[in-house]
Amino acid sequence: PGGTLFLIGLRQTVASGLAGVTFISRAWGVLIGLVLTVHFAGRELAIPAAILFAVLYTCDMVARGVFYANSRRQDVEMRP
């Protein structure tokens with residue numbers, strides 16, 4: 001929902017490109033945040049933060065994939 005409303009109504013190639021840019025920019029934003037954490041707070045805090053980021057980012061990607069697959073699912077009537 002964050003940028004989804006903005007993408008509705010755009011051509012498919014433009015919407016895909018913008019969705020990709022937002023996806024990559026989130027990862028880069030967090031990476032920059034982790035580098036700053038190492039610089040200002042030290043390695044003791046940055047390593048758990050990097051692990052937490054990896055877990056949460058993976059969960060986010062899986063959830064988005066499941067929601068997308070569910071939105072494209074077609075009900076099939078089973079015959080006995």
Q: List, by chain and number, the other hydrophobic cluster members for Val55, where Ile, Leu, Val, Met, Phe, Trp and Tyr join if side-chain heavy atoms come within less than 4.5 Å, directly or indirectly.
A: none
Q: Hey, could you give me each pair passing salt bridge (Lys or Arg N to Asp or Glu O under 4.0 Å) that has a residue in residues 29-41? Not counting sequence neighbours.
A: none
Q | Atom pair CG/CD1 of Leu31 and Ile24 - distance to nearest 0.5 Å | A | 11.5 Å
Non-neighbouring partners of [X] that pass side chain to side chain contact (heavy atoms under 4.5 Å, CB included), sequence neighbours left out:
X	result
Ile47	Arg43, Ile51
Ala50	Leu34
Ala54	none

Q | Qualifying ring pair (Phe, Tyr, Trp, His ring centres under 6.0 Å) pairs with a residue from residues 28-64, counting only residues at least two apart or across chains | A | Phe23-Tyr57, Phe53-Tyr57
